[in-house]
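Remarks on the structure that follows.
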Amino acid sequence: MQAWRVHRNGEPSEVMQLDEVDRPVPGEGQQLLRVRAANINFPDALLCRGQYQVRPPLPFTPGVEICGETEDGRRVIANPALPHGGLAEYVVADSAALLPAPDALDDAEAAALHIGYQTGWFGLHRRAALKEGETLLVHAAAGGVGSAAVQLGKAAGARVIGVVGGPEKAAVARELGCDVVVDRRSEDIVAAVKEATGGRGADVVYDPVGGDAYAKSAKCVAFEGRIVVVGFASGDIPAPALNHALVKNYSILGLHWGLYALKDPASIGRCHRTLTEYAAKGLIKPLVSERVPFADAPSAVQRVADGTTTGRLVVLPAGAPAAPAEGEAR
């Protein structure tokens, strides 16, 4: 089979190489899956660079999230077992962790559901306890992680303020349902949030960016507000001033979604059932901005690494349709 592999760490476009390799062999408690679609996540870029918390042995195949097909023909969502990641024709994954792909979503959408929306749901509900009527501030609202949080916030009945970079992403954020959109390139985030909330600030902040985004969040979070730290896409890990959190009376909440698989695996299944119901009702739908041919996988990972994308880039295997035809079964 063909697989994109990393033989040395570096920028994805420079180090990903298409190899002919044997199909991975399932171990105990694992299954072989045919890849139907592979969603690109920022951790894939970090894996290529050797900067992720997990460092698989070289050479390895990136791709931490797929929609796949079991040997008996079931569509499933899976996190492939590294070093055999999803940018390949076949992967292996733990049988106990396989989740049914929602009928309401096509392969590319299903591939983009798991990590981003589970992270959003756990961040907004389990960590921040978002309530109906509260104001939610989402950084990088037009990106893959942010767009999921926007949809989940609206589904929870929150008023959503989306922060984006540039007019094109601002238009996307409005289409996603943001009540207020702030272009960080041309507007003062803190002033805009305070104006939109009558001076109160945001009750919950969802921050996958870090750096300056976090610093701005701390200046416009409400009394008893909650800042959910999801990641550091900016590459800048902030050092919070805890005296500021004390005097303003807000909470800083870390979210490492992957820990739930170890500490409370049943919660992931419960969350997936909720997300499946949301998808069936049309409350959520992954924003897949591009379905990428398998041959172009390195450039797709690089664009995600560079932060130039909107929504999700999903890599499709050779022969897969660019999108389902009108009326076609998922």
Side-chain angles (χ1 to χ4, degrees), residues 42-43 46 51 53 115-116 118-141 143 145-150 152-154 156-165 173 178-185 187-260 262-264 267 271 307:
F42 191 66
L46 296 179
Q51 297 174 345
Q53 56 257 42
I115 295 176
Q118 288 255 344
T119 299
W121 193 92
F122 276 91
L124 296 179
H125 292 287
R126 182 136 175 179
R127 301 295 285 137
L130 179 67
K131 303 178 185 68
E132 184 178 358
E134 288 192 314
T135 297
L136 167 66
L137 173 62
V138 179
H139 289 283
V145 174
S147 62
V150 169
L152 288 167
K154 294 301 295 182
R159 183 174 185 237
V160 179
I161 301 174
V163 177
V164 299
C178 286
D179 299 283
V180 178
V181 177
V182 181
D183 186 346
R184 59 179 172 78
R185 296 180 182 174
E187 299 178 76
D188 183 317
I189 294 174
V190 176
V193 172
K194 288 187 175 180
E195 180 182 358
T197 59
R200 172 179 167 76
D203 298 293
V204 175
V205 179
Y206 191 80
D207 180 17
V209 178
D212 186 62
Y214 178 86
K216 295 290 197 312
S217 299
K219 293 180 179 180
C220 62
V221 64
F223 169 75
E224 292 196 327
R226 293 85 77 197
I227 300 175
V228 185
V229 179
V230 184
F232 312 105
S234 67
D236 183 0
I237 300 176
L242 296 185
N243 61 324
H244 190 260
L246 185 153
V247 299
K248 283 195 69 176
N249 207 40
Y250 63 86
S251 301
I252 304 166
L253 306 171
L255 175 65
H256 179 187
W257 170 74
L259 280 179
Y260 288 96
L262 299 174
K263 304 292 187 180
D264 186 8
S267 65
C271 178

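What you see below is based on every heavy atom in this structure, not just the backbone, and it leaves out hydrogens, waters and symmetry mates.
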Return the CD1 to CG distance between Ile227 and Asp203, rounded to the nearest 0.5 Å. 12.0 Å

Any Thr119 side-chain heavy atom under 4.5 Å of Tyr206 side chain: yes

Between Val204 and Ala128, what is the shortest heavy-atom contact and its length? CG1-CB, 3.8 Å

Can you check side-chain contact (heavy atoms from CB on, under 4.5 Å) on Lys219 and Ile189, steps first, answer last? CA-CA 9 Å; Lys219 293 180 179 180; Ile189 294 174; over 6 Å; no

Rounded distance [0.5 Å steps], CZ in Phe122 versus CG in Leu259: 11.0 Å

Sidechain-backbone polar pair: Arg127 side chain, Gly254 backbone, donor-acceptor under 3.5 Å: yes

Take atom CD in Glu187; do more than 12 heavy atoms of anything else shown fall under 6.0 Å from it? yes

When rounded to the nearest 0.5 angstrom, what is the spacing between NZ in Lys194 and CG in Asp188? 9.5 Å

Check this for me: Glu132, atom CD, are more than 12 non-hydrogen atoms of other residues, nucleotides or ligands nearer than 6.0 Å? no

Not counting sequence neighbours, which residues clear side-chain hydrogen bond (donor to acceptor under 3.5 Å, both in side chains) with His244? List them please. Tyr250

For the pair Lys154 and Asp179, find out whether any cationic side-chain nitrogen is under 4.0 Å from an anionic carboxylate oxygen. yes

Please find the pair of heavy atoms, one from Leu152 and one from Gly120, that lie closest to each other, and give the distance. CD1-C, 3.7 Å

When you compare the side chain of Val209 with that of Phe232, does any pair of heavy atoms fall below 4.5 Å? no

Salt bridge (Lys or Arg N to Asp or Glu O under 4.0 Å) between Glu224 and Lys248, intermediate numbers included: CA-CA 8 Å; Glu224 292 196 327; Lys248 283 195 69 176; over 6 Å; no

Do NZ/NE/NH1/NH2 and the carboxylate oxygens of Glu134 and Arg226 come within less than 4.0 Å? yes

Under 3.5 Å donor-acceptor, Ser251 side chain and Leu253 backbone: no

Please walk me through it: do Ile161 and Thr197 pass side-chain contact (heavy atoms from CB on, under 4.5 Å)? CA-CA 10 Å; Ile161 301 174; Thr197 59; 4.1 Å; yes

side-chain contact (heavy atoms from CB on, under 4.5 Å) between Val230 and Asp207, intermediate numbers included: CA-CA 6 Å; Val230 184; Asp207 180 17; 5.8 Å; no

What one should report as the nearest heavy-atom pair of Leu136 and Ala149 is CD2-O, 3.9 Å

So how far is it from Gln118 CD to Cys271 SG, rounded to the nearest 0.5 Å? 3.5 Å

In terms of heavy-atom contacts, Gly162 and Ala141 come closest through CA-CB, 3.6 Å

Point-to-point distance, once rounded to the nearest 0.5 Å, from CZ of Arg184 to CG of Asp212: 9.0 Å

Search all heavy atoms of Ala173 against all heavy atoms of Val181 and return the closest pair with its distance. CB-CG2, 3.9 Å

Which of these, Val205, Val160, Val164, sits in a side chain to side chain contact (heavy atoms under 4.5 Å, CB included) with Val138? Val160

Spatial distance of atom CG (Leu137) from atom OG (Ser217) [nearest 0.5 Å]: 5.5 Å

Atom of Leu124, atom of Gly153 and distance for their closest heavy-atom approach: CD1-N, 4.0 Å

Residues Arg126, Asp264: salt bridge by 4.0 Å N-O rule: yes

